[in-house]
A.B. asks: 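Here it is: the structure, laid out below.
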There are 2 protein chains.
Amino acid sequence: MRAWEATLHAHAALSRALRHELEEHEDIPLSWYEVLLLLNRAPGQRLRMQELADSTLFTPSGVTRQIDGMVEAGLVERVRCQTDKRGFFAALTPAGKERLRAASPAHLRSIQRHFGSQLSDQEADTIAEAMSRITDAITGRCPGA
Amino acid sequence: MRAWEATLHAHAALSRALRHELEEHEDIPLSWYEVLLLLNRAPGQRLRMQELADSTLFTPSGVTRQIDGMVEAGLVERVRCQTDKRGFFAALTPAGKERLRAASPAHLRSIQRHFGSQLSDQEADTIAEAMSRITDAITGRCPGA
């Protein structure tokens with residue numbers, strides 16, 4: 001319980017610090033940045049709405065609202081799924097990719113300052129392994145797969 | 001970066017699992033449960049709106065909406081601040097305390113199943129210490145104070 005509560009508090013404090021610094025310096029909401037990052041890493045730089053909901057803290061309706069705003073800002077476009085005519089992908093636009101590229105250095109510095117610089121290499125390894133194991137157990141993936 | 005991303009993913013996966021199980025078995029949103037928990041631990045079982053925003057992922061307007069719903073459900077009441085006539089506290093009601101008491105055992109079992117049971121004692125200690133240090137550095141508190 002102590003480890004879980006410490007993780008919750010650190011996550012909340014870090015999210016607030018990262019959100020503040022990203023909005024202050026790069027004028028982009030942290031939740032938009034995270035979606036751009038997920039899309040940039042995805043095959044074909046696009047993801048289904050459900051995949052985005054599964055990878056973030058958003059509910060499906062929250063993802064839809066969020067993507068609406070990002071489409072309006074030109075950072076994301078909706079692409080109809082070829083195999084499932086009712087389905088849509090959210091796809092990264094060139095403007096979205098550029099926005100991510102511009103905002104990344106400041107964001108990575110924030111993470112290093114508030115998180116990385118507080119950890120020894122051994123602590124960082126322990127956290128990376130333990131947290132990956134927890135995620136794998138919940139999502140049912142085989143560790144290392 | 002690996003430790004940070006693993007923490008983000010684990011937090012998202014755990015929050016989804018805990019939210020789902022709490023709503024399924026106890027019919028209460030995770031965000032409500034977390035506010036009840038914070039209020040229950042606070043001196044006088046009440047907190048200012050700003051203190052709630054600082055301890056959760058909510059924005060100030062998000063906290064206000066959330067507390068509105070909890071007041072309507074009878075779990076929380078608004079109490080005017082004696083020293084600052086414009087300020088309000090959110091205070092736990094007896095019904096809120098009872099709801100927290102009823103939901104806690106199932107929630108603690110969920111945390112143990114998805115988080116605690118995945119960690120060795122040493123990993124749990126490392127995570128608790130490292131995450132507390134990160135929170136303290138951001139919030140400016142002296143470690144151990």
Side-chain angles (χ1 to χ4, degrees), chain A residues 1-21 29-31 34 37-38 41 53-59 107-108 110-141 143, chain B residues 1-21 29-31 34 37-38 41 53-59 107-108 110-141 143:
Chain A
M1 280 311 294
R2 199 166 67 93
W4 170 240
E5 295 194 355
T7 301
L8 271 187
H9 291 153
H11 180 269
L14 266 161
S15 296
R16 266 198 311 281
L18 297 178
R19 171 177 301 127
H20 176 77
E21 291 172 11
L30 178 59
S31 56
E34 287 174 349
L37 196 64
L38 286 168
R41 286 183 183 167
D54 287 347
S55 304
T56 62
L57 285 175
F58 286 105
T59 58
H107 187 58
L108 297 181
S110 291
I111 293 171
Q112 176 58 21
R113 184 164 60 245
H114 295 302
F115 186 80
S117 72
Q118 297 291 328
L119 302 177
S120 69
D121 288 352
Q122 201 187 332
E123 286 173 329
D125 287 346
T126 298
I127 289 171
E129 277 165 38
M131 294 296 180
S132 300
R133 196 186 313 135
I134 286 164
T135 306
D136 290 341
I138 293 172
T139 58
R141 274 177 303 178
Chain B
M1 278 313 292
R2 199 167 67 91
W4 170 240
E5 294 193 356
T7 301
L8 270 187
H9 291 152
H11 180 268
L14 266 161
S15 296
R16 267 198 310 281
L18 297 178
R19 173 178 301 127
H20 176 77
E21 292 171 11
L30 179 59
S31 57
E34 287 174 348
L37 195 63
L38 287 169
R41 286 182 182 167
D54 287 347
S55 304
T56 62
L57 285 175
F58 287 105
T59 57
H107 187 58
L108 297 181
S110 291
I111 293 172
Q112 176 57 20
R113 183 164 62 247
H114 295 302
F115 185 81
S117 73
Q118 297 291 328
L119 301 177
S120 69
D121 288 353
Q122 202 187 333
E123 286 174 328
D125 286 346
T126 298
I127 290 170
E129 276 165 37
M131 294 296 179
S132 299
R133 195 186 315 135
I134 286 164
T135 306
D136 290 341
I138 293 172
T139 58
R141 273 177 304 176

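Not measured: the values here are computed from a predicted model. Each chain gets a letter, A, B and so on, in the order its sequence line appears, and its residues count up from 1.
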A.B. asks: Can you tell which part of A:A17 gets under 4.5 Å to a heavy atom of chain B, answering side chain, backbone, both or neither?
C.D. replies: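 Looking at A:A17, just its side chain touches chain B.
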A.B. asks: For B:E5, is it the side chain, the backbone, both, or neither that has a heavy atom closer than 4.5 Å to a heavy atom of chain A?
C.D. replies: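 For B:E5, the side chain is the part near chain A, not the backbone.
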A.B. asks: Which bit of B:L108 comes within less than 4.5 Å of chain A, counting heavy atoms only: side chain, backbone, both or neither?
C.D. replies: side chain
A.B. asks: What option among B:S117, B:A3, B:G116 has the most heavy-atom pairs under 4.5 Å with chain A?
C.D. replies: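 Most pairs with chain A among the choices: B:A3.
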A.B. asks: Could I get the full list of ring pair (Phe, Tyr, Trp, His ring centres under 6.0 Å) partners for B:H107, not counting sequence neighbours?
C.D. replies: B:Y33
A.B. asks: Find the distance between CD (B:Q112) and CG (B:L119) and round it off to the nearest 0.5 Å.
C.D. replies: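 It comes to 9.0 Å.
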A.B. asks: Work out which heavy atom in A:H114 is nearest to a heavy atom in A:E21; give both atom names and the distance.
C.D. replies: NE2-OE2, 2.7 Å
A.B. asks: Quick check for you: to the nearest 0.5 Å, what is the distance between A:T135 atom OG1 and B:Q118 atom CD?
C.D. replies: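 The CD atom of B:Q118 is 9.5 Å from OG1 of A:T135, to the nearest 0.5 Å.
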A.B. asks: Can you tell me which portion of A:L30 sits under 4.5 Å from chain B's heavy atoms? Options are side chain, backbone, both or neither.
C.D. replies: neither
A.B. asks: Quick check: closest heavy atoms across B:M131 and A:A10, and the distance to 0.1 Å?
C.D. replies: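 Shortest heavy-atom separation between B:M131 and A:A10 comes out as O-CB, 3.5 Å.
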A.B. asks: Using non-hydrogen atoms only, which part of A:I111 is less than 4.5 Å away from chain B: side chain, backbone, both, or neither?
C.D. replies: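 Looking at A:I111, just its side chain touches chain B.
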